[in-house]
Amino acid sequence: MNAWDILEQDAPLVAPLLLGWQLVHDTAEGRTAGIIIETEAYHQDDPASHSFNGVNNRNAPMFGPAGHAYVYRSYGMHWCMNVVTGNSGFGQGVLIRALFPTEGIPLMEKRRGRRDHLCSGPGKLTQAMDISHIHNGHDLREPPLFLIPYPSLGYTATPRIGIAKAKEKPWRFVAQETRILA
DNA sequence: TGCTTGATTAACT
DNA sequence: GTTAATCAAGCAC
């Protein structure tokens with residue numbers, strides 16, 4: 001099984017495996033990249049998931065092929081990015097909640113307008129890396145926005161953040177080694 | 001056509 | 001700990 005086949009599994013299995021993968025975005029301004037250190041799983045059989053009530057115009061990418069991006073607007077002002085997992089026809093994905101910045105840090109600082117907390121939240125990392133709705137449905141194996149597989153980091157599983165339903169599921173995964181560096 | 005809802009962030013007290 | 005900012009999409013009428 002190659003690294004990309006991992007994404008064909010269910011989101012709660014994939015989410016911890018993505019810790020340690022690198023997310024890279026090349027733009028005209030330059031390259032930004034970071035190591036994924038925090039994720040959350042969302043599954044069609046999960047009341048907290050956008051895909052729970054079936055496919056619609058917003059969540060359609062979650063029902064598409066694994067390894068593509070699902071980007072949506074949150075609270076009217078932020079973008080959040082998911083990596084779609086599982087087979088087509090079943091809506092699920094992994095929310096990227098935090099990165100450890102590795103490349104293009106000055107560019108991230110410029111986009112964020114500050115020198116700390118560059119990628120320590122789902123809305124922050126999309127701002128730092130200039131990810132938005134135009135990447136919705138994009139294949140994350142292809143430039144300019146792509147993932148580089150790495151062996152998984154050690155992690156801690158905890159309940160998810162900022163949701164109203166199914167709060168008890170320990171489907172948030174935080175990398176142990178780098179959590180302080182975010 | 002109008003109402004409701006967020007998988008958030010940052011700046012307050 | 002509390003709250004404002006801000007808007008696309010779903011869904012009820």
Side-chain angles (χ1 to χ4, degrees), chain A residues 7 9-19 21 23 25 32 34 36-64 66-86 90-101 105 107-138 140 145 147 155-175 179-182:
Chain A
L7 303 181
Q9 304 172 94
D10 280 352
L13 286 171
V14 177
L17 299 179
L18 284 178
L19 300 172
W21 286 39
L23 180 64
H25 192 198
T32 47
I36 298 172
I37 56 171
E38 185 176 337
T39 59
E40 281 181 5
Y42 288 90
H43 193 268
Q44 190 168 347
D45 297 330
D46 162 21
S49 173
H50 290 172
S51 58
F52 181 65
N53 288 323
V55 63
N56 61 39
N57 209 41
R58 175 176 66 163
N59 66 23
M62 291 184 89
F63 291 79
H68 287 220
Y70 163 48
V71 183
Y72 69 94
R73 192 90 132 144
S74 173
Y75 293 92
M77 45 185 26
H78 307 291
W79 297 105
C80 294
M81 195 194 93
N82 292 244
V83 178
V84 176
T85 65
F90 192 81
Q92 53 173 312
V94 174
L95 172 68
I96 307 301
R97 282 195 64 85
L99 302 174
F100 174 64
I105 291 172
L107 184 52
M108 291 183 179
E109 291 174 346
K110 178 184 157 206
R111 287 171 177 157
R112 293 275 299 123
R114 56 196 300 158
R115 300 177 62 86
D116 56 356
H117 299 293
L118 295 177
C119 297
S120 58
K124 301 177 197 178
L125 69 92
T126 53
Q127 184 185 19
M129 294 196 64
D130 195 25
I131 295 168
S132 71
H133 62 114
I134 67 171
H135 302 105
N136 198 23
H138 173 72
L140 292 170
L145 178 65
L147 290 166
Y155 65 90
T156 304
T158 72
R160 290 172 293 180
I161 303 267
I163 57 173
K165 302 166 188 168
K167 290 183 174 182
E168 75 287 354
K169 287 190 167 76
W171 281 4
R172 171 171 176 247
F173 303 92
V174 183
R179 61 192 305 174
I180 295 179
L181 301 175

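Residue numbers start from 1 in every chain, and the chains themselves are labelled A, B, ... in the order their sequence lines are given, proteins ahead of strands.
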So, do [X] and [Y] sit near enough that their side-chain heavy atoms are less than 4.5 Å apart?
| X | Y | value |
| --- | --- | --- |
| A:Leu7 | A:Leu17 | no |
| A:Gln44 | A:Gln92 | no |
| A:Asp130 | A:Thr32 | no |
| A:Leu23 | A:Met81 | yes |

Open item on the list: Which residue is it: A:Met108, A:Gln127, A:Lys124? I am looking for the one with a side-chain contact (heavy atoms from CB on, under 4.5 Å) to A:Cys119.
Closed with: A:Met108
How close or far is atom [atom2] of [N] from atom [atom1] of [X], stated in whole angstroms?
| X | N | atom1 | atom2 | value |
| --- | --- | --- | --- | --- |
| A:Leu118 | B:dA10 | CG | P | 10 Å |
| A:Asn82 | B:dA7 | CG | P | 11 Å |
| A:Leu125 | B:dT8 | CG | P | 12 Å |
| A:Arg160 | B:dT8 | CZ | P | 11 Å |
| A:Leu95 | B:dT8 | CG | C1' | 11 Å |
| A:Met62 | B:dA7 | CE | P | 11 Å |

Task: Distance between C1' atoms of C:dA8 and B:dA10 (Å, rounded) - done: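 Nearest-Å result for C:dA8 against B:dA10 at atom C1': 22 Å.
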Counting the atoms with a prime plus P, OP1 and OP2 as sugar-phosphate, which does [X] contact under 4.0 Å by heavy atoms, base, sugar-phosphate, or nothing?
| X | result |
| --- | --- |
| A:Arg97 | sugar-phosphate |
| A:Arg112 | sugar-phosphate |
| A:Met81 | nothing |

Tabulated below should be each protein N or O lying under 3.5 Å from an N or O of nucleotides 9-13 of chain C; please produce it.
| residue | atom | partner | partner atom | Å |
| --- | --- | --- | --- | --- |
| C:dG10 | OP1 | A:Asn56 | OD1 | 3.1 |
| C:dG10 | OP1 | A:Asn57 | N | 2.9 |
| C:dG10 | OP1 | A:Arg58 | N | 3.0 |

Task: Residue that, paired with A:Glu40, satisfies salt bridge (charged side-chain N to carboxylate O under 4.0 Å, His left out) out of A:Arg160, A:Lys169, A:Arg97 - done: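 Testing each of A:Arg160, A:Lys169, A:Arg97 against A:Glu40, the sole residue satisfying salt bridge (charged side-chain N to carboxylate O under 4.0 Å, His left out) is A:Arg97.
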Nucleotide N/O to protein N/O under 3.5 Å, stretch nucleotides 3-7 of chain C:
| residue | atom | partner | partner atom | Å |
| --- | --- | --- | --- | --- |
| C:dT6 | O2 | A:Tyr75 | O | 2.6 |
| C:dC7 | O4' | A:Gly76 | O | 3.4 |

- [ ] Stems involving DNA chain B: give each as a range paired with a range, ordered by first number, where a stem means at least three consecutive Watson-Crick or G-U wobble pairs under 3.5 Å.
- [x]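 For DNA chain B the paired stretches long enough to count as stems (3 pairs minimum) are B:1-6 with C:7-12, B:8-12 with C:1-5.
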Open item on the list: If you compare every side-chain N and O of A:Lys124 against the phosphate oxygens of B:dA10 (OP1, OP2), does one of them come in below 4.0 Å?
Closed with: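 Yes, A:Lys124 has a side-chain N/O under 4.0 Å of OP1/OP2 on B:dA10.
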Open item on the list: Using OP1 and OP2 only, check whether a side-chain N or O of A:His50 sits under 4.0 Å from B:dA7.
Closed with: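 Answer is yes, contact under 4.0 Å.
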Open item on the list: Could you report the tightest heavy-atom contact between A:Lys165 and A:Ala48, atom names first, then the distance?
Closed with: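 Shortest heavy-atom separation between A:Lys165 and A:Ala48 comes out as O-CB, 3.3 Å.
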Task: Candidate pair A:Leu145 and A:Leu140, rule side-chain contact (heavy atoms from CB on, under 4.5 Å), full reasoning - done: CA-CA 6 Å; A:Leu145 178 65; A:Leu140 292 170; 3.9 Å; yes
Task: Position toward the 5' end of DNA chain B (nearest nucleotide), A:Gly162 or A:Arg114 - done: A:Gly162
TODO: Please check if atom OH in A:Tyr155 has more than 12 non-hydrogen atoms from other residues, nucleotides or ligands closer than 6.0 Å.
DONE: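 Atom OH in A:Tyr155 is not crowded, with 12 or fewer foreign heavy atoms closer than 6.0 Å.
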Is a donor on one side and an acceptor on the other found under 3.5 Å between the side chain of [X] and the backbone of [Y]?
| X | Y | answer |
| --- | --- | --- |
| A:Asn59 | A:Gly54 | yes |
| A:His25 | A:Ile131 | no |
| A:Thr39 | A:Val94 | no |

